[in-house]
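Heavy-atom basis, side chains included; hydrogens, waters and symmetry copies ignored. Predicted model, so just to flag it, every value in this text is computed and none were measured.
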Amino acid sequence: MFITLAKNLRSTPLPVADDPRWARIVSRDKSADGEFWYSVATTGVYCRPSCPSRRANPKNVQLYDTLDQAKATGFRPCRRCNPDGPSLEAGNAAMVADACRRIERSEEEPSLAELAATAGRSAGYFHRVFKAVTGLTPKDYAAAQRAARVRQGLEDGASVTAAIYDAGFNSSGRFYEKSTGMLGMTPTRYRAGGTHEEIHFAVGESSLGAILVASSKKGVASILLGDDPDTLVRDLQDRFPKARLIGGDRGYEALVARVVGFVEAPALGLDLPLDVRGTAFQQRVWRALQDIPVGHTVSYAEIAERIAAPRAARAIAAACAANSLAVAIPCHRVIRKDGALSDYAWGAERKRALLDREAASGASGGARPADHRSSRA
């Protein structure tokens, strides 16, 4: 009698609302796709867990371990989430990847209309999806590819003219309008590896260790933190291998003192002319970081929303890691979604110390306590 009762208890399914899988449906958990399916009696469809459709009443929902079980209901597959095939997200990712390859292979920049027509989508829809997946518009992606071709051509020893036209520019005039932004210097100077570029630098000391500040004619190009001044100088040499490095005079050391002062007392603020060198996407991320007020933190996901690239959290983390302007571009103010500290190029302890000081400074009219949880500034 006891054995029969136990078997019956084990075979009785949980109410859908109490089943752990229901919570994954409510959160539209993409990682659950392929693990189970569900049907909705009132609409007569079956779906994947990440379906973006309006949430159903759990009383009308049935859960299935296999796709065949869901099909056996006689219901039709949902048109929004396509449970029988690849998800909408996977389909869009494949579409964008194909468009990226097309852009990379094309000698001239394909128009938005051409890319959308090849993908079988409207121009507006294609543009939105492309930006959501890559963090860039198709035009910005094409510009970044052309800039990479120019850099590669110049590094391979091609003439400036050959590099320009090989990269897909129809005229040298169009290229020179954007060349400094693409390369950080004139194309002739870039081709020489920055041989004639002068970088002034000086090293200061703070309670967080050594600070190296380096500037080009355009503005501050590097702010590096570390334990050993000699190591920081070698790092600078690696970043500008063919530039002429010039030790700072007293006037330049005053600039270093401003940076040190900000590290020690964030309420002072830091307003410096910057020479920001990076890809179009990196620069978008870095501009968003500069909008985070002192005393606040945000998550990678929140930065992704701010730059209209909701699926680019990993690329944003990579852009933070590539930042060479510590504190001036405050990547230390970006944390994980759960409030935990993430990696920091200059050490997690320095990141914690910077956040603690900024939170305690009250510089932005009531800074948050130093729990390092994200906020929408």
Is the closest side-chain donor-acceptor distance between Tyr300 and Ser342 under 3.5 Å?
yes

CA sep, side-chain torsions, deciding dist, call: Leu341, Leu355, side-chain contact (heavy atoms from CB on, under 4.5 Å):
CA-CA 10 Å; Leu341 293 185; Leu355 290 175; 3.6 Å; yes

Value for CZ (Arg79) from OG (Ser53), rounded to nearest 0.5 Å, stands at 12.0 Å

So, does Asp235 use its side chain to make a donor-acceptor pair with the main chain of Leu224 at under 3.5 Å?
no

Nearest heavy-atom approach of Arg239 to Ser324 is NH1-CB, 3.1 Å

With a 4.5 Å cut-off on side-chain heavy-atom distances among I, L, V, M, F, W and Y, is there a chain of contacts connecting Phe240 to Ile246?
no

So, taking the atom named CG in Leu225 and the one named NE2 in His332, what distance separates them when rounded to the nearest 0.5 Å?
10.0 Å

Parallel, tilted or perpendicular: rings of Tyr344 and Trp346 (30°, 60°):
perpendicular

Between Trp37 and Val61, is there shared hydrophobic-cluster membership here, with clusters defined by ILVMFWY side-chain heavy atoms closer than 4.5 Å?
no

State whether a side-chain donor-acceptor pair under 3.5 Å links Thr43 with Arg54.
no

Assess whether a salt bridge exists between Arg21 and Asp19, defined as any Lys/Arg side-chain N lying under 4.0 Å from an Asp/Glu carboxylate O.
yes

So His200 and Tyr252, would you call those rings parallel, tilted or perpendicular, with 30° and 60° as cut-offs?
tilted

Whether the side chain of Glu114 engages the backbone of Pro110 through a donor-acceptor N/O pair (distance < 3.5 Å, no angle test) should be reported.
no

CG-CZ distance between Asn92 and Arg121, expressed to the nearest 0.5 angstrom:
6.5 Å

Would a 4.5 Å heavy-atom cut-off, applied to side chains only, mark Tyr46 and Cys78 as touching?
no

Taken to the nearest 0.5 Å, the spacing of Leu289 CG from Gln282 CD works out to 11.0 Å

Spell out, as yes or no, whether a donor-acceptor pair under 3.5 Å connects the side chain of Lys351 to the backbone of Val334.
yes

Nearest non-hydrogen partners of Ala328 and Pro330, listed with the distance:
O-CD, 3.5 Å

Do NZ/NE/NH1/NH2 and the carboxylate oxygens of Glu358 and Arg333 come within less than 4.0 Å?
yes

Would you say the side-chain atoms of Glu264 pair up with the backbone N or O of Ser207, donor to acceptor, closer than 3.5 Å?
yes

Can you find a pair of side-chain heavy atoms, one from Val263 and one from Arg357, that are under 4.5 Å apart?
yes

Using the rule given for salt bridge (charged side-chain N to carboxylate O under 4.0 Å, His left out), can you reason through Asp227 versus Arg350, listing the C-alpha separation, both sets of side-chain angles and the distance that settles it, and then say yes or no?
CA-CA 11 Å; Asp227 298 319; Arg350 287 190 178 90; 2.6 Å; yes

For Asp33, is there any backbone N or O sitting under 3.5 Å from a side-chain donor or acceptor partner on Arg48?
no

If you take all heavy atoms of Ala99 and Phe130, which pair is closest and at what distance?
CB-CE1, 4.1 Å

Side chains of Arg55 and Val26: does their closest heavy-atom pair fall under 4.5 Å?
yes

Do Leu245 and Leu255 share a hydrophobic cluster (ILVMFWY, side-chain heavy atoms under 4.5 Å, transitive)?
yes

Distance col, row Leu272:CG vs Leu325:CG, nearest 0.5 angstrom, shows 9.0 Å

When hydrophobic residues are tied together by side-chain contacts of less than 4.5 Å, even through go-betweens, does Leu67 share a cluster with Tyr64?
no

Reported NZ-to-CG distance for the pair Lys139 and Leu115, which is rounded to 0.5 angstrom:
11.5 Å

Taking every non-hydrogen atom, the tightest pair across Cys320 and Trp286
N-NE1, 4.4 Å

Is any side-chain heavy atom of Phe75 closer than 4.5 Å to one of Val45?
no

